[in-house]
Number of protein chains: 2
Amino acid sequence: MAVTLADVAAHAKVSSATVSRVLSGNYPVSEATRARVLRAVNELDYVVNGPASALAAATSDLVGILVNDIADPFFGIIAGAVQSEIAGLPGGGGKLAVVCNTGGSPERELTYLTLLQRQRAAAVVVTGGAAEGAGHAAAVAAKLGRLTAAGTRVVLCGRPPLPHSGDGEPAVTTLAFDNRGGAQRLTEHLLALGHRRIGYVTGPPDRTTTRHRLEGHRAALAAAGLTEGSERLTVHGSFDRASGYDATLELLRREPGLTAVVAANDTIALGAFAALRDRGLRIPEDVSVAGFDDLPFSADAVPALTTVRLPLQDAGARAGRLAMDRETAPPGGVATIRAELMVRASTAPPR
Amino acid sequence: MAVTLADVAAHAKVSSATVSRVLSGNYPVSEATRARVLRAVNELDYVVNGPASALAAATSDLVGILVNDIADPFFGIIAGAVQSEIAGLPGGGGKLAVVCNTGGSPERELTYLTLLQRQRAAAVVVTGGAAEGAGHAAAVAAKLGRLTAAGTRVVLCGRPPLPHSGDGEPAVTTLAFDNRGGAQRLTEHLLALGHRRIGYVTGPPDRTTTRHRLEGHRAALAAAGLTEGSERLTVHGSFDRASGYDATLELLRREPGLTAVVAANDTIALGAFAALRDRGLRIPEDVSVAGFDDLPFSADAVPALTTVRLPLQDAGARAGRLAMDRETAPPGGVATIRAELMVRASTAPPR
DNA sequence: CTGTTAGCGCATTCAG
DNA sequence: CTGAATGCGCTAACAG
């Protein structure tokens with residue numbers, strides 16, 4: 001079959017232990033034999049057997065990055081940043097950073113976590129909002145606990161911290177986004193412009209991201225004394241454009257006098273744009289629209305989208321460094337990442 | 001340390017071989033003992049040691065998906081499709097589909113391929129255009145050859161076939177995009193509208209995607225007798241929005257009388273949109289713009305972008321099935337995927 | 001149907 | 001500095 005350590009050893013006329021040592025480089029070996037071994041490695045085109053090496057050393061160089069939707073730039077940007085921080089080290093860092101697409105399914109998330117645990121992954125970075133259903137949150141927390149117990153470093157990025165498990169420093173480090181605060185400031189902006197009939201288009205109800213952003217939105221409304229009918233002006237769907245389109249139409253049906261639509265993310269906002277246009281409504285003259293995340297395309301929308309900026313790139317990079325233990329964890333293991341309001345052309349005073 | 005097969009065996013009062021058999025399920029075991037083993041597994045919270053299992057079985061359940069830029073929806077869509085075809089099987093298929101971000105760097109591509117080879121990956125799907133520089137093409141071809149020789153299934157998706165290595169059925173299956181044909185039809189469309197001064201904004205020169213799309217473009221120009229100055233009207237950059245913006249400005253500098261801009265992909269086209277607008281030019285009244293790929297946001301651009309549609313989702317899913325050996329390879333190992341011209345509002349006759 | 005027995009390829013003691 | 005020997009945890013014959 002494939003060429004093994006022993007083959008290289010024979011070829012270089014040394015013991016397999018020596019070959020192992022020059023390859024891992026963490027042990028003194030004379031320059032002469034090192035060169036001889038290296039030459040043999042090249043001549044034979046030898047590639048280490050990962051499983052065997054992982055088994056013997058009881059560690060692996062796999063690092064998993066879990067995302068909810070790999071086709072969504074929100075996750076693509078975070079994952080890319082995490083990954084370049086890990087694989088971008090001089091020499092590649094020796095780590096294999098891989099991204100796993102859960103599709104937002106809690107079962108798939110658990111499956112991937114188990115698979116990563118099987119592989120004895122060196123670290124796991126879980127990105128994006130979590131499902132809140134039934135036992136899922138607990139199951140995920142338990143699984144992550146087992147991973148850390150087994151020596152895998154766990155970092156949460158863009159996800160709220162796990163329920164505190166008690167004693168001392170938490171084993172998992174969290175970089176949480178200030179979804180609630182960002183959403184609140186966004187709606188305050190609309191309120192300040194004079195809007196009173198504001199629709200809200202969001203994703204699935206049982207996700208932390210959905211809930212937190214909605215809470216921020218409602219907190220702003222409540223502070224302005226607008227507690228009435230906010231339920232009726234909220235439409236749930238999924239975090240994509242098509243859903244934003246449909247939900248906006250539904251909103252218009254429920255409240256034709258709408259003057260503003262707040263979308264739970266930029267992609268949904270794009271769908272809202274299209275729906276409003278198809279209804280012959282101008283943005284922002286007839287209806288203002290706002291998003292969340294500030295993905296790259298948002299500044300290019302026509303009109304440019306008012307939104308809340310999340311430093312996805314920075315957060316991802318930091319999560320990557322945390323996973324590689326190249327940065328010290330924030331006090332308490334949790335850092336909240338600030339969201340910044342970006343006022344652009346898609347919001348204006350109501351007519 | 002962690003709980004092992006032997007622990008489970010002891011707990012269930014059977015041999016470790018029996019435990020292994022119920023876990024892998026590919027061997028008859030009595031219902032009674034199977035239940036007992038399963039209970040022991042749960043009680044002890046046992047998780048298979050992946051490396052050990054891979055070592056003993058000489059196979060792994062890892063499937064690698066290589067992409068040039070994970071933050072680009074073009075790759076996100078393909079990767080998502082490949083992945084759901086692999087992990088979406090009933091029971092998860094048992095395979096761990098992971099995506100690796102090469103960042104378009106040939107070195108990183110090779111590094112990942114080696115890492116995957118180390119892990120004895122079950123399959124590798126390489127997506128997107130290839131670097132054409134110096135020895136890279138040969139190095140990648142050689143590496144892929146070694147992977148197939150080691151039993152790893154290799155599928156190319158959206159990448160031209162490897163140079164034929166000779167005898168019989170090629171070991172690597174290729175799903176190539178008809179970049180040349182698509183680009184040619186797109187430029188023919190512009191020509192038919194009456195455009196004669198057409199600028200071309202594209203990515204790095206040493207990539208197959210860049211070259212093939214450019215060749216298609218020039219073939220159309222040549223067929224119309226427009227051989228003059230096409231060099232001057234071509235600006236290279238990278239495949240992103242910022243580059244499209246800058247390159248369009250450069251184009252305008254070189255040829256103020258431009259009536260159309262063809263971008264090598266939709267993202268670049270978005271940059272061109274912004275640049276033209278900033279120069280006070282209307283689309284398509286003053287300048288027509290066209291893209292390539294038909295990413296989701298293209299239909300939402302204002303005006304809607306004329307582009308060439310690539311069935312990314314379908315291609316990715318098919319690549320995934322091919323990688324899992326759930327679909328027979330096309331004759332000759334190579335299938336060319338058709339690109340479809342999508343005429344929308346961003347192109348019109350010149351003034 | 002179930003238990004026993006060998007390795008899989010490598011990292012690491014432990015001697016030299 | 002280098003070689004020989006041991007075992008990581010599991011699967012796959014091979015017997016019973």
Side-chain angles (χ1 to χ4, degrees), chain A residues 1-38 40-41 44-62 94 114-115 117-122 150-151, chain B residues 1-38 40-41 44-62 94 114-115 117-122 150-151:
Chain A
M1 235 210 73
V3 19
T4 75
L5 239 210
D7 298 333
V8 177
H11 197 82
K13 299 190 198 318
V14 294
S15 73
S16 62
T18 301
V19 177
S20 173
R21 295 199 261 252
V22 338
L23 257 27
S24 53
N26 49 10
Y27 207 85
V29 174
S30 88
E31 200 42 60
T33 61
R34 131 173 277 103
R36 200 141 42 84
V37 168
L38 255 20
V41 167
L44 294 167
D45 227 11
Y46 171 70
V47 174
V48 184
N49 181 318
S53 149
L55 174 58
T59 66
S60 128
D61 50 12
L62 242 202
T114 300
L115 254 16
Q117 185 182 3
R118 266 211 213 333
Q119 305 299 325
R120 305 299 189 254
Chain B
M1 237 210 74
V3 21
T4 74
L5 238 209
D7 298 333
V8 177
H11 197 82
K13 300 191 197 314
V14 295
S15 73
S16 62
T18 300
V19 178
S20 172
R21 293 198 264 252
V22 337
L23 257 27
S24 54
N26 49 11
Y27 208 85
V29 174
S30 88
E31 200 43 58
T33 62
R34 131 173 278 102
R36 202 142 40 85
V37 168
L38 254 20
V41 166
L44 294 156
D45 227 11
Y46 171 70
V47 174
V48 185
N49 181 317
S53 150
L55 173 58
T59 65
S60 126
D61 50 12
L62 243 202
T114 300
L115 254 16
Q117 184 182 5
R118 267 211 212 335
Q119 305 299 326
R120 304 300 189 253

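Hydrogens, waters and symmetry mates are skipped; everything else that's a heavy atom, side chains included, is used. Note on naming: letters A, B, ... go to the chains in the order of the sequence lines (proteins, then strands), and numbering restarts at 1 for each one.
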Where along residues 22-38 of chain B does a heavy atom fall under 4.0 Å from DNA chain D? none

Find out whether A/L38 and A/V22 are in side-chain contact, i.e. whether some heavy atom of one side chain is under 4.5 Å from a heavy atom of the other. yes

Rounded to the nearest 0.5 Å, how far does CZ of A/R120 lie from CZ of A/R118? 9.5 Å

Who passes side-chain contact (heavy atoms from CB on, under 4.5 Å) against A/T4, sequence neighbours left out? A/A6, A/D7

What pairs of residues pass the side chain to side chain donor-acceptor pair (under 3.5 Å) test when at least one of them lies in residues 49-60 of chain A, not counting sequence neighbours? none

As a test of reading the structure: which of D/dG3, C/dG9, D/dC10 is closest to the side chain of B/Y46, going by heavy atoms? D/dC10

Name the nucleic acid region contacted by B/V14, choosing base, sugar-phosphate or nothing; use a 4.0 angstrom heavy-atom cut-off, strictly under. sugar-phosphate

To the nearest Å, give me how far apart CG (A/N49) and C1' (C/dC10) are. 8 Å

Between A/A17 and B/S20, which has a closest nucleotide on DNA chain D that is more 5'? A/A17

What I'd like to find out is whether the side chain of A/T18 reaches to under 4.5 Å of the side chain of A/K13, using heavy atoms alone. no

Decide yes or no, distance alone: a donor-acceptor N/O pair under 3.5 angstrom between the base of D/dG3 and the side-chain of A/R21. yes

Of the listed C/dA11, C/dG3, D/dG3, the closest approach to the B/T18 side chain comes from C/dG3

